[in-house]
Amino acid sequence: MAKKNKAAISPTREQDYSAWYQEVVKASDMAENSPVRGCMVIKPWGYALWENIVYNMDILFKETGVKNAYFPLFIPLSYLEKEAEHVEGFAKECAVVTHHRLEKDGKGGLKPAGKLAEPLIVRPTSETIIGESMARWTSSYRDLPLLLNQWANVVRWEMRTRMFLRTSEFLWQEGHTAHATEAEAKERTMLMLDVYTKFVEEYLAMPVIRGRKTVSERFPGADDTICIEAMMQDKRALQAGTSHFLGQNFARGSGIKFQNEEGEEAYAWTTSWGSSTRMIGGMIMVHSDDDGLVLPPRVAPAHVVILPIFKKGEDRRIIMESVQGLKDVLEEKLFHERKLNVEIDDRDIGGARGWDWVKKGVPVRIEIGPRDIEKNSVFMARRDEPASQKQSMNREAFIDQITDILDNIQDNIFNRAVNHQKEHTFEIDDKKEFYKLYKNTSGYNNGAFVMAHWCGSEKCEEKIKNDLSVTIRCIPFDSPIEEGKCISCDSASSRRVLFAKAY
RNA sequence: CGGGAUGUGGCUCAGUCUGGUAGAGCACAGCGUUCGGGACGCUGGGGUCGGAAGUUCGAAUCUUCUCAUCCCGACCA
């Protein structure tokens, strides 16, 4: 029978954070592990969420003049060699295609045949192959800027994987732009970070810290990498998007040249920027609770689920008509320019039905039974509140207020995340205190965000990383210039940087 | 690539030490009673025990080899 106060997800966050995470993914029916090492199957509920992310982000990109295109999955091995640091950064995680045919091996199996003259790699990112096209498309300053984006899958052969957070194959978008001037390219780098910030905060309801990566954390081959970092509930940091100013490094490697207004030949200035299905992992870890997934309404695959309640001897038809009627009315309403999506679940599986939708994270659950039909009411529960807190509402009032309720949920989970981040962000000036905070922290309370002074040397950065597995997530744009001493070596420092354990 | 562990219905696992021909819970299907905080009863379907070879009258169980996965390192946006 009913087990009161039992969490729907086991273990809870405090008991075992990473097992809780895997369980939320499974219980929400978003994704599952596949037989292929390190790869996952994204199920309809998870993919619908991704489609909403793609749809909304794509609009924001296009508003800045970016156009979509598509480039090959395979990249000739020699292309990767065009930018020295780039090779260094990605060589170790590339899947390589060496053959193009299978033959019978005589033992009932198949063996590769038809060796390729030049091996192909499966793209880990596409700077080099897109650079090749850009080089051919650019001959005059009038051809610039080139503002391209592609939605694609990439492969990075990671040693250890976790669903959504790090998988060997993942879905993402990668933007690539080429400009005539350095200033314009830098401006674009920042503009795209603004887009990411807007999307992640307003749609995924995840507050982020914006800043610049240190040299050692930079994208391989970039002159500058800027990023947004979010705090998960276990206090670790997750990068939710990055934007790179590539200088002329890739332009030189790929030969992206043009004649400027003075008639001189010049190399273009390029940028690239990306965000992936990893954002979904972040979204899960920021909002979900011990009852499962909590979806931000603005990207939820369904906004409302209606559960008809049947009583013995009652006419099911009357209830189903009422339920269908409510769905029809709701689906005519717009929530941020998107029609409301309403599910009806009339499965005959008892109370487990309601919990299914709690675990799937649907923002609003509605129960309609004989009593509601009599009273012209609905029984409403919000996913951002405890599962027990249901309230009766007048049916018309509910229809009237639903979009406000959804906005309210969106704001509520965002504010909750803002507060969580504030509560676990500290300024620390004492080395002992810094080490004490990070030493022996794990699981649900895995450190904190610490704003501390750093002298700028890679040595200090490296030492802290080795001692504590803590890295400089970024040098926040808004960290003020102030006198201080490096948390590691005591040398003079002019500003604080953001330290955290990272995913 | 080093260290450790595990492979038994869809899932989680028992059975392995001490060989005797396959089990449980959950899930699934049918029927009935149910349904506003996680339902119950009855019936039923589904496994050549990761693979190969060996020992034996007989192998999930013992031996050897092999494959795969997971964990800890190393690595890593």
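Order of the sequence lines fixes the chain letters, A, B, ..., with proteins taken first and strands second; residue numbering starts at 1 for each chain.
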#### Entry: Members of residues 207-221 of chain A that approach RNA chain B, where some heavy atom sits under 4.0 Å away
A:Lys213, A:Glu217
### Task
Counting Watson-Crick and G-U wobble pairs only, both distances under 3.5 Å, name the nucleotide matched with B:U61, or none.
none
#### Entry: B:U56 - base-pair partner by Watson-Crick or wobble geometry, distances under 3.5 Å
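WC or wobble partner does not exist here.
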Protein and nucleotides 26-34 of chain B: nitrogen or oxygen contacts under 3.5 angstrom:
residue, atom, partner, partner atom, Å
B:U34, OP1, A:Lys312, NZ, 2.3
B:U34, N3, A:Asp348, OD1, 2.9
B:U34, O4, A:Asp348, OD1, 2.9
B:U34, O4, A:Asp348, OD2, 2.4

### Message
Between the base of B:C76 and the side chain of A:Arg156, is there a donor and acceptor pair under 3.5 angstrom?
### Response
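Between B:C76 and A:Arg156, which were checked side chain against base, a qualifying N/O pair under 3.5 Å is absent.
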### Task
Establish whether the base of B:G38 is bridged to the side chain of A:Asp356 by a donor-acceptor pair shorter than 3.5 Å.
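Flag unset: no donor-acceptor pair detected.
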Base, sugar-phosphate, or nothing: which does [X] touch, judged by heavy atoms less than 4.0 Å apart?
| X | value |
| --- | --- |
| A:Arg473 | base |
| A:Thr242 | base |
| A:Lys26 | nothing |

### Query
Of the candidate nucleotides B:A77, B:G36, B:A39, which contains the atom at the shortest distance from the side chain of A:Gln239?
B:A77
### Task
Could you work out which one of B:G36, B:C76, B:A39 sits closest to the side chain of A:Ile309?
B:G36
### Summary
Scoring nucleotides 6-11 of chain B by protein non-hydrogen atoms under 4.0 Å (B base, S sugar-phosphate only, - none) yields ------
### Query
So A:Trp273 and A:Tyr196, would you call those rings parallel, tilted or perpendicular, with 30° and 60° as cut-offs?
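Correct class here is perpendicular.
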### Query
Are A:Tyr503 and A:Phe164 near enough that their ring centres are under 6.0 Å apart?
no
### Task
Assert yes or no for the condition that the ring centre distance of A:Phe71 to A:His176 is strictly below 6.0 Å.
no
### Task
Tell me yes or no: between the side chains of A:Glu461 and A:Ser216, is some donor less than 3.5 Å from an acceptor?
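Short answer, yes.
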### A:Phe170 CZ - B:C76 P separation (whole Å)
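Taking CZ of A:Phe170 and P of B:C76, I get 15 Å after rounding.
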